[in-house]
**Student:** 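My questions will all concern the structure given below.
A, B, ... follow the sequence lines: proteins, then strands. Residue 1 opens every chain. All values below come from the heavy atoms of this structure, side chains included, with hydrogens, waters and symmetry mates left out.
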Amino acid sequence: MLDIKFIKQNRAQVEALLSKRVDDLDLDKVLDLDVKSKKVTTDLEKLRSDRNQISKQIGQLKRNKEDSTALESDVQKINDLIKEQTEAATSLKENLLNELSKLPNLPDPRVPEGGKENNQVVKTYGEKPVFDFKNKDHVDLCTDLKLIDYERGVKLGGAGFWLYTGVGAALEWALLNYFCTTHFKDGYTFMLPPHLLLNANGYAAGQFPKFAGEVFHLKTEEGDQERFLLPTSETAILNVYRDEVLNEEDLPIKAFAYSPCYRSERGSSRTEERGCIRGHQFNKVEMFHFTKPEDSEAALHELIGRAEQLMEDLGLHYRTSLLAAKDASASMAITYDIEVWIPSMGIYKEVSSISLANEFQARRAKIRFKRKGAKSTEFLHTLNASGLATSRLLPAIVEQFQQADGSVLVPKPLQPWLGMEVIKLP
RNA sequence: GGAAGAGUGGCAGAGCUGGUUUAAUGCACCGGUCUUGAAAACCGACGUACCUUAACGGGUACCGGGGGUUCGAAUCCCUCCUCUUCCGCCA
């Protein structure tokens, strides 16, 4: 969420930046609501102040056994006004918050305008494999090698689910293990969060109300708190410190988590995304930083470097792009995507998204920190990066490393886990 | 699942028969005096958010969350959440 004060004081700048990602930008609405809301609030506080004062006088009169009925009826009148004003103030504040949370984050000046077509490739690693035989797509490869059972997966979970079996399950697990071990060794705090999150966490992360349709909601019995299945562990990690004030020396906090990601993906299934390119459940290791504002730029580069290193260790051909304003998530100031080459599709598919939110997420989740000796608190900066999403890597690995005889070479770092260098046809 | 108890400022802990308590007191932290320095002692400051003011300052809200009673709620009532202890069930 943006700071209404900042919008007020830097209107021209905010308009220039936001128009990169919003077409019909109209700041008048929020600014107007803010003025009205402040006016009503000030009036209301004055009334309350009056009431508090008179009530004290009543207390004094009562203690002295004197008559206070005149004052009591005065307060009664004030209370009627307070009731009216409270309703007005509440509704104005709600509207303001509502309008304010519709605004996306201010894009970083480096971010190109417009949509996808303006994404800038900033790095390419490796080369597209050239096959001197008829290469298969990952669905055929996974089926022939008995890595994934698509049909029985659908039997279990319905469309959009698959079942890892045998070496396939081991390969997926090896990837997750490799990533988690790497982050753990590098001093990141390992977190295994609950997969069912309270709705409050969805609001703080900005998923709700806008993207409420994209997650699985859990119907609960009356009286229970509403929960949803996490769409990414980013939602969980961000909320770990929700409503807290951290000390300067606690920062930076570098954490990572593994969880399946559950997404409803309504209306987004496409034939070219068969197999496990897009499903309702996929595995992802997520890195997260909470930093002081002055340290967030360095953290962004650390995260990009880490995600790229994992790709390079696996030997996969990929590219890194700086996303254009409209292609990136609205809460982020700047986002880089790492995309892996899927030979059968002839395109690159996202396996990591590395983003800097600045204080946008922290403001919404109320995560602050206090500098040593400082009087007041500041919002900290948050960054997140997949490191990495495995369910798209497995298809990339089998496709990029397939051999003429139908076997697949296992990337070096995974060989110890699997106990094999080649996955052969059964 | 059943029963009982409890949730107060960084921590501990009063207040909880409603109104001089603006949330006492202690500890911690911070500033100062003293000291060669430190400790001790003493003095002072010491929550968060928002509104208002050029500034000093003033105001409002917050005692787990929400709602209610009242002129007035940390204090009374309702409800939800969390924790502790005991019983039951259980991977």
Side-chain angles (χ1 to χ4, degrees), chain A residues 1-9 30-101 192-204 208 218-228 239-251 359 361-380:
Chain A
M1 195 165 57
L2 294 178
D3 180 9
I4 184 72
K5 265 191 205 160
F6 185 85
I7 298 177
K8 211 177 344 185
Q9 288 159 9
V30 270
L31 291 172
D32 185 50
L33 278 170
D34 179 56
V35 171
K36 280 183 182 152
S37 157
K38 287 228 185 351
K39 171 83 171 71
V40 174
T41 304
T42 310
D43 293 350
L44 184 60
E45 289 182 354
K46 175 74 174 67
L47 286 171
R48 286 198 180 127
S49 170
D50 292 346
R51 177 178 69 185
N52 289 345
Q53 228 168 0
I54 301 177
S55 286
K56 260 181 207 164
Q57 290 173 27
I58 294 173
Q60 243 159 11
L61 289 176
K62 295 236 173 187
R63 240 174 287 120
N64 300 334
K65 312 250 190 242
E66 291 174 46
D67 178 57
S68 60
T69 45
L71 287 178
E72 282 178 38
S73 73
D74 284 353
V75 177
Q76 200 63 262
K77 280 176 208 154
I78 294 177
N79 270 340
D80 290 341
L81 286 172
I82 287 179
K83 202 172 174 186
E84 273 175 45
Q85 294 278 68
T86 304
E87 278 170 32
T90 308
S91 115
L92 278 168
K93 273 183 190 154
E94 257 174 39
N95 281 337
L96 177 61
L97 192 67
N98 196 19
E99 289 300 322
L100 203 53
S101 52
L192 289 171
H195 299 179
L196 276 54
L197 301 178
L198 293 168
N199 278 5
N201 300 298
Y203 285 103
F208 300 164
L218 296 160
K219 292 229 177 256
T220 49
E221 289 182 35
E222 207 172 341
D224 271 6
Q225 297 186 81
E226 306 235 333
R227 295 185 174 83
F228 62 99
N239 276 286
V240 168
Y241 299 105
R242 174 161 54 89
D243 295 325
E244 292 194 29
V245 179
L246 304 173
N247 293 316
E248 180 178 16
E249 56 266 30
D250 296 334
L251 301 176
E359 59 172 50
Q361 282 185 319
R363 180 179 301 281
R364 191 155 182 142
K366 296 196 180 67
I367 312 172
R368 290 160 292 169
F369 77 100
K370 198 170 207 166
R371 291 187 197 270
K372 218 173 157 51
K375 253 177 138 181
S376 60
T377 58
E378 293 171 53
F379 288 106
L380 47 71

**Student:** For B/A73 and B/A61, measure between their P atoms and round to the nearest Å.
**Tutor:**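 Nearest-Å result for B/A73 against B/A61 at atom P: 9 Å.
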**Student:** Does A/Lys370 make a side-chain N or O approach to OP1 or OP2 of B/U48 shorter than 4.0 Å?
**Tutor:**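 A/Lys370 to B/U48 OP1/OP2: side-chain N or O found under 4.0 Å.
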**Student:** Would you mind telling me which of A/Glu99, A/Lys8, A/Lys36 makes a side-chain contact (heavy atoms from CB on, under 4.5 Å) with A/Leu31?
**Tutor:**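 Single pass found, and it is A/Lys8.
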**Student:** How do A/Gln53 and A/Val75 order along RNA chain B: which one's closest nucleotide is nearer the 5' end?
**Tutor:**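 So the residue in question is A/Gln53.
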**Student:** Is there a Watson-Crick or G-U wobble partner for B/A54 with both distances under 3.5 Å, and if so, which one is it?
**Tutor:**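 No nucleotide pairs with B/A54.
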**Student:** Return no unless some side-chain N or O of A/Thr377 is found under 4.0 Å from OP1 or OP2 of B/A49.
**Tutor:**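 Looking at the OP1 and OP2 atoms of B/A49, one of them is under 4.0 Å from a side-chain N or O of A/Thr377.
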**Student:** Give me the residues of residues 45-52 of chain A where at least one heavy atom lies under 4.0 Å from an atom of RNA chain B, by number, or none.
**Tutor:**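 When residues 45-52 of chain A is checked for heavy atoms under 4.0 Å from RNA chain B, the hits, listed by number, are A/Glu45, A/Arg48, A/Ser49, A/Arg51, A/Asn52.
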**Student:** Determine the Euclidean distance between corresponding P atoms of B/G65 and B/G2; express it in Å to zero decimal places.
**Tutor:**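 Between the two P atoms, the distance is 26 Å.
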**Student:** Among all residues two or more places apart in sequence or in another chain, which pass the salt bridge (charged side-chain N to carboxylate O under 4.0 Å, His left out) test with A/Arg51?
**Tutor:**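 In terms of salt bridge (charged side-chain N to carboxylate O under 4.0 Å, His left out), with neighbours along the sequence ignored, A/Arg51 is linked to no residue.
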**Student:** Here's a test for you: under side-chain contact (heavy atoms from CB on, under 4.5 Å), which of A/Asp34, A/Asn98, A/Val40, A/Thr41 qualifies with A/Lys93?
**Tutor:**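 Among A/Asp34, A/Asn98, A/Val40, A/Thr41, the one that satisfies the side-chain contact (heavy atoms from CB on, under 4.5 Å) with A/Lys93 is A/Thr41.
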**Student:** Please name the nucleotide paired to B/G1 by Watson-Crick or G-U wobble geometry with both distances under 3.5 Å, or report none.
**Tutor:**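 Here B/G1 is engaged in a pair, and the nucleotide opposite it is B/C87.
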**Student:** Considering only B/G19, B/A49, B/C51, which nucleotide approaches the side chain of A/Thr42 most closely?
**Tutor:**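 The listed nucleotide nearest to A/Thr42's side chain is B/C51.
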**Student:** In whole angstroms, how far is the P atom of B/C51 from the CG atom of A/Leu44?
**Tutor:**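 Distance check: A/Leu44 CG to B/C51 P gives 14 Å.
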**Student:** If I take atom CG in residue A/Asp34 and atom C1' in nucleotide B/U52, what distance separates them, rounded to the nearest angstrom?
**Tutor:**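 Interatomic distance, CG of A/Asp34 to C1' of B/U52: 14 Å.
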**Student:** Are A/Leu92 and A/Leu33 packed together at the side-chain level, in the sense that at least one heavy-atom pair is separated by less than 4.5 angstrom?
**Tutor:**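 Counting from C-beta outward, A/Leu92 and A/Leu33 do come under 4.5 Å.
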**Student:** B/G47 C1' sits how many Å from A/Asn247 CG, rounded?
**Tutor:**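 The answer, rounded to whole Å, is 14 Å.
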**Student:** Starting at CG of A/Asp243 and ending at P of B/G64, how long is that distance when rounded to a whole Å?
**Tutor:**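 These atoms are roughly 16 Å apart.
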**Student:** Can you tell me if the side-chain N/O atoms of A/Lys65 get under 4.0 Å from OP1 or OP2 in B/G19?
**Tutor:**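 No, A/Lys65 has no side-chain N/O under 4.0 Å of OP1/OP2 on B/G19.
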**Student:** Using the C1' atoms only, state how far B/U48 lies from B/G64, rounded to an integer number of Å.
**Tutor:**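 One C1' to the other, the span is 16 Å.
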**Student:** Have a look at A/Lys93 and say if it touches a base, only the backbone sugar-phosphate, or nothing, with a 4.0 Å heavy-atom cut-off.
**Tutor:**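 The answer is nothing, as A/Lys93 stays clear of every strand by at least 4.0 Å.
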**Student:** Want to settle it: does A/Glu72 or A/Gln60 sit nearer the 5' end of RNA chain B, counting the closest nucleotide to each?
**Tutor:**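 Going by which nucleotide is closer to the 5' end, it is A/Gln60.
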**Student:** For A/Lys38 and B/C51, is the shortest distance between a side-chain N/O and OP1 or OP2 below 4.0 Å?
**Tutor:**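 A/Lys38 to B/C51 OP1/OP2: side-chain N or O found under 4.0 Å.
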**Student:** Given the C1' atoms of B/C77 and B/U20, what is the spacing between them in whole Å?
**Tutor:**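 The answer is 27 Å between these two C1' atoms.
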**Student:** In Watson-Crick or G-U wobble terms, both distances under 3.5 Å, what is the partner of B/U33?
**Tutor:**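 Pair assignment: B/U33 / B/A41.
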**Student:** In whole Å, measure the gap between the P atoms of B/G59 and B/G5 for me.
**Tutor:**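 Those two atoms are separated by 41 Å.
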**Student:** Check whether any side-chain N or O of A/Asn239 sits under 3.5 Å from a backbone N or O of A/Asn201 as a donor-acceptor pair, and report yes or no.
**Tutor:**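 Looks like yes, one N/O pair under 3.5 Å.
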**Student:** With rounding to the closest Å, how many angstrom separate the P atoms on B/A40 and B/A28?
**Tutor:**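 My reading of the P atoms in B/A40 and B/A28 gives 8 Å.
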**Student:** Tell me if a side-chain donor or acceptor on A/Asp3 pairs with a main-chain N or O of A/Lys5 at a distance below 3.5 Å.
**Tutor:**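 At least one qualifying donor-acceptor pair exists.
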**Student:** Watson-Crick or G-U wobble partner for B/C62, using a 3.5 Å limit on both distances?
**Tutor:**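 Per the H-bond distance test, B/G47.
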**Student:** Across all strands shown, which nucleotide pairs with B/U69 by Watson-Crick or G-U wobble geometry, both distances under 3.5 Å?
**Tutor:**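 By the stated definition (distances under 3.5 Å), nothing pairs with B/U69.
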**Student:** Report yes if at least one side-chain N or O of A/Asn79 is closer than 4.0 Å to OP1 or OP2 of B/G72; otherwise report no.
**Tutor:**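 Looking at the OP1 and OP2 atoms of B/G72, one of them is under 4.0 Å from a side-chain N or O of A/Asn79.
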**Student:** Stepwise, does the side-chain contact (heavy atoms from CB on, under 4.5 Å) test hold for A/Leu100 with A/Ile7?
**Tutor:** CA-CA 10 Å; A/Leu100 203 53; A/Ile7 298 177; 3.8 Å; yes
**Student:** Partner lookup for B/A23, please. Criteria are Watson-Crick or G-U wobble with both distances under 3.5 angstrom; report none if nothing qualifies.
**Tutor:**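 No nucleotide pairs with B/A23.
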**Student:** For the residue pair A/Arg371 and A/Phe369, establish whether any side-chain heavy-atom pair is separated by less than 4.5 Å.
**Tutor:**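 The answer is yes; the side chains approach within 4.5 Å.
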**Student:** Measuring only the P atom in each nucleotide, how far is B/A24 from B/G47? A whole number of Å is fine.
**Tutor:**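 Approximately 11 Å lies between the P atom of B/A24 and that of B/G47.
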**Student:** To the nearest Å, give me how far apart NZ (A/Lys5) and C1' (B/U52) are.
**Tutor:**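 To the nearest whole Å, that distance equals 11 Å.
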**Student:** For A/Lys38, does its backbone N or O pair with a side-chain atom of A/Thr42 as donor and acceptor, under 3.5 Å?
**Tutor:**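 Yes, A/Thr42 side chain to A/Lys38 backbone: donor-acceptor pair under 3.5 Å.
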**Student:** Say we look at B/G9 and B/U79: how far apart would their C1' atoms be, to the nearest angstrom?
**Tutor:**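 26 Å, rounded to whole Å.
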**Student:** Looking across every strand, which nucleic acid part, if any, lies under 4.0 Å from A/Ile58 by heavy atom: base, sugar-phosphate, or nothing?
**Tutor:**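 Here A/Ile58 touches the bases of the nucleic acid.
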**Student:** Tell which nucleotide pairs with B/U82, taking only Watson-Crick or G-U wobble pairs whose two distances are both under 3.5 angstrom.
**Tutor:**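 Across any shown strand, B/U82 pairs with B/A6.
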**Student:** Atom NZ of A/Lys366 and atom C1' of B/C50: how far apart are they, to the nearest Å?
**Tutor:**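 About 12 Å, once rounded to whole Å.
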